[in-house]
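For the single chain, residues carry numbers from 1 onward in sequence order. Atom set for the values below is all heavy atoms of this structure, side chains included, hydrogens, waters and symmetry mates excluded. It should be emphasised that the depicted structure is a prediction, and the values quoted were computed from it without experimental measurement.
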Amino acid sequence: MVTSADVEAIERATAAAVAPREVLEIGDWLITLDPGTIRRANSAVPLRHEVSLDRTAVDEIEAAYAARGLNPAFRIADGPGLEDVRTELTRRGYRSEQPTLVKSGTALAMIAGARGEPAPVASAPGPGWAAVFTGEGFDPADGANRVAALTRAADAVYGGISEGERTIAVGVAAFGHGWASVHGMRTDRARRGEGLAGRVLAGLGAAAQARGIERVFLQVEEGNTGARSLYRGVGFERAWRYLYWSR
């Protein structure tokens with residue numbers, strides 16, 4: 001079960017993993033500011049799921065984005081404790097989109113669920129690792145931006161499976177605030193369905209256990225049924241759901 005303290009730890013760990021250019025705190029809010037394509041790296045999120053509406057804080061958040069030439073955006077869980085915040089954002093002309101699930105699991109289950117040997121993991125991405133993000137089926141600009149962000153993370157490991165000189169499946173685990181978090185899971189379009197992603201998860205889970213960390217979280221878009229099936233198969237369960245709010 002995810003507690004209120006876990007919510008704050010997960011949000012802080014998320015910000016560290018996606019490595020935005022700048023992070024601010026205003027009241028109960030953590031604000032990530034970055035011109036790239038990763039929305040978690042460029043949105044304001046409450047550190048608790050029971051936050052009283054503070055219009056002055058919302059004003060200051062909007063001003064922080066405007067001062068940096070960025071469009072303000074919010075990432076809001078859909079529980080009842082944030083209803084007043086959602087109502088205020090609606091009043092200001094924001095609309096919600098891109099429902100996303102935060103899921104929690106364990107390193108042990110990630111390892112146990114693999115079909116085959118866990119993927120090797122290194123402290124830096126190997127040759128060909130970045131190419132998976134910009135290969136067929138992926139947006140090359142978004143992929144390049146994600147590679148840049150994920151390789152800026154302060155404490156992360158990089159899993160990958162290669163055949164010869166070609167990397168065909170990758171993922172990242174970042175560590176912080178008592179959690180491991182999974183990011184950047186990508187498999188070559190022509191090699192999906194072979195259990196490669198599960199082996200990457202197993203390698204990342206083993207890396208977490210080597211650091212004495214058992215709790216793991218990740219975020220997955222609600223509409224990504226394939227990824228949700230993968231994560232469900234290795235024990236990840238829904239912690240909460242959020243949406244992005246923008247004008």
Point to revise | ring pair (Phe, Tyr, Trp, His ring centres under 6.0 Å) partners of Tyr244, counting only residues at least two apart | key: Tyr242
Practice item. Kindly state whether the ring of Phe133 and the ring of Trp129 have centres lying under 6.0 angstrom apart. Key: yes
Exercise answer: donor-acceptor pairs, residues 107-115 side-chain atoms, under 3.5 Å, sequence neighbours excluded:
none

**Study point:** Set of salt bridge (Lys or Arg N to Asp or Glu O under 4.0 Å) partners for Glu62, sequence neighbours left out
**Key:** Arg92, Arg247
Review point. Applying side chain to side chain donor-acceptor pair (under 3.5 Å), which residue pairs with at least one partner in residues 216-231 are found, sequence neighbours left out?
Key: Thr14-Gln219, Arg40-Gln219, Gln98-Glu221, Glu222-Arg241
**Study point:** Partners meeting salt bridge (Lys or Arg N to Asp or Glu O under 4.0 Å) with Arg238 (sequence neighbours left out)
**Key:** none
Check your understanding: Can Ile31 be reached from Ile76 by stepping across I, L, V, M, F, W or Y side chains whose heavy atoms are under 4.5 Å apart?
Key -> yes
Kindly list each side-chain donor-acceptor pair under 3.5 angstrom involving residues 156-164, sequence neighbours excluded, with atom names and distances?
residue, atom, partner, partner atom, Å
Tyr158, OH, Leu150, O, 2.7
Ser162, OG, Thr167, OG1, 3.1
Glu163, OE1, Arg191, NH1, 2.8
Glu163, OE2, Arg191, NH1, 3.3
Glu163, OE2, Arg191, NH2, 2.9

Practice item. Please name the pair of heavy atoms, one in Ala15 and one in Leu30, separated by the smallest distance, quoted to 0.1 Å. Key: CB-CD2, 3.9 Å
Practice item. Return the minimal non-hydrogen interatomic distance between Pro35 and Leu70, and the atom names on each side. Key: CA-CD2, 3.8 Å
Review point. So does Arg55 pair up with Asp84, basic N to acidic O under 4.0 Å?
Key: no
Point to revise | Ionic contact status for Glu194 with Arg199, cut-off 4.0 Å | key: no
Point to revise | Shortest non-hydrogen contact from Ala197 toward Thr187 | key: CB-OG1, 3.9 Å
Practice item. Using a strict 4.0 Å threshold on nitrogen-to-oxygen distance, state whether Arg215 and Asp6 make a salt bridge. Key: yes
Check your understanding: Ignoring hydrogens and geometry, is there a side-chain-to-backbone donor-acceptor pair from Asp34 to Arg21 under 3.5 Å?
Key -> yes
Review point. Are side-chain N/O atoms of Thr32 and Asn42 paired as donor and acceptor at under 3.5 Å?
Key: no
**Study point:** Shortest non-hydrogen contact from Met185 toward Val200
**Key:** SD-CG1, 3.9 Å
Review point. Which heavy-atom pair separates Pro20 from Leu33 by the least distance, and what is that distance?
Key: CB-O, 3.9 Å
**Study point:** Heavy-atom donor-acceptor pair, Arg152 side chain to Ala19 backbone, under 3.5 Å
**Key:** yes
Practice item. List the steps and the verdict of salt bridge (charged side-chain N to carboxylate O under 4.0 Å, His left out) for Arg166 and Asp188. Key: CA-CA 10 Å; Arg166 184 183 181 193; Asp188 185 287; 2.5 Å; yes
Review point. Is a salt bridge present between Arg68 and Glu22, judged by a nitrogen-to-oxygen distance below 4.0 Å?
Key: yes
